[in-house]
Amino acid sequence: MTVAAPPISERTFQAQVMEAAALLGWRRAHFRPARTAHGWVTPVSGDGAGFPDLLLVRSRDGRAIAAELKAGNAKPTPAQQAWLDDLATCGLEVHVWRPSDWDAVVEALR
């Protein structure tokens with residue numbers, strides 16, 4: 001009998017992607033929310049709602065990736081999908097990555 005590994009959280013997955021990106025020469029940005037008296041908020045001005053989880057840039061090969069990270073079968077929200085669509089239209093490489101996509105994540109970061 002094979003026992004499957006428990007699913008990892010989006011936070012753990014994000015840490016893994018960030019570490020792999022650093023090892024492969026990417027500059028990385030993630031804007032985390034902060035807990036306030038009114039709940040969790042991410043300080044942002046303008047149209048920040050739905051901005052992708054990660055922005056990765058590697059100048060040596062002129063690449064930029066916007067990645068939305070999801071655990072399980074979750075899908076991007078409409079605001080997240082709008083950002084991904086707009087960034088792709090502007091020429092950025094965009095991805096929605098899940099822990100089950102690890103091989104594709106590593107391939108994209110190579």
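Under the 4.5 Å side-chain heavy-atom criterion for Ile, Leu, Val, Met, Phe, Trp and Tyr, Leu69 and Phe51 are members of distinct hydrophobic clusters. Grouping the Ile, Leu, Val, Met, Phe, Trp and Tyr side chains by contacts below 4.5 angstrom, directly or via other members, places Val105 with Leu56. In the hydrophobic clustering of ILVMFWY residues, with side-chain heavy atoms under 4.5 Å counting as a link, Ile65 and Val106 come out together. Cluster annotation: Leu55 is not connected to Trp26 through the hydrophobic network of ILVMFWY side chains, with a link wherever side-chain heavy atoms come within less than 4.5 Å. Val94 and Phe31 fall within a single hydrophobic cluster, where Ile, Leu, Val, Met, Phe, Trp and Tyr side chains are chained together by heavy-atom contacts under 4.5 Å.
In plain terms, the two heavy atoms of Ala21 and Leu109 that are nearest each other are N-CD1, 3.9 Å. Heavy atoms only, all atoms of each residue included: Glu93 and Ala108 are closest at OE2-CB, 4.2 Å. Between Ala66 and Pro52, the shortest heavy-atom distance links the atoms CB-CG, 3.9 Å. The shortest heavy-atom contact between Pro99 and Ile8 is CG-CG1, 3.6 Å.
The number of heavy-atom neighbours closer than 6.0 Å to CG of Asp47, taken from other residues, nucleotides and ligands shown, is 12 or below. In Glu19, the CD atom is not crowded: 12 or fewer heavy atoms of neighbouring residues, nucleotides or ligands sit closer than 6.0 Å.
Listed for the Trp83 side chain is a donor-acceptor partner under 3.5 Å among the backbone atoms of Ala49. With hydrogens and angles ignored, the 3.5 Å screen pairs no side-chain donor or acceptor of His30 with any backbone N or O of Leu54. Judged by distance alone, with hydrogens and angles left aside, the side-chain atoms of Arg58 form a donor-acceptor pair with the main-chain N or O of Leu24 at under 3.5 Å. Under a 3.5 Å cut-off, the side chain of Arg98 and the backbone N or O of Lys70 do not form any donor-acceptor pair. Panel note: side chain Trp97, backbone Ala104; no donor-acceptor pair is recorded below 3.5 Å.
Considering CG of Leu23 and CE of Met18, their distance stands at 12.0 Å, rounded to 0.5 Å. Between atom CZ of residue Arg63 and atom CG of residue Leu92 there is a gap of 11.0 Å, rounded to the nearest 0.5 Å. In this structure, CD on Gln81 lies 9.0 Å from CD on Glu68, to the nearest 0.5 angstrom.
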Would you check, one step at a time, whether the test side-chain contact (heavy atoms from CB on, under 4.5 Å) holds for Asp101 with His95? CA-CA 10 Å; Asp101 299 324; His95 297 277; over 6 Å; no

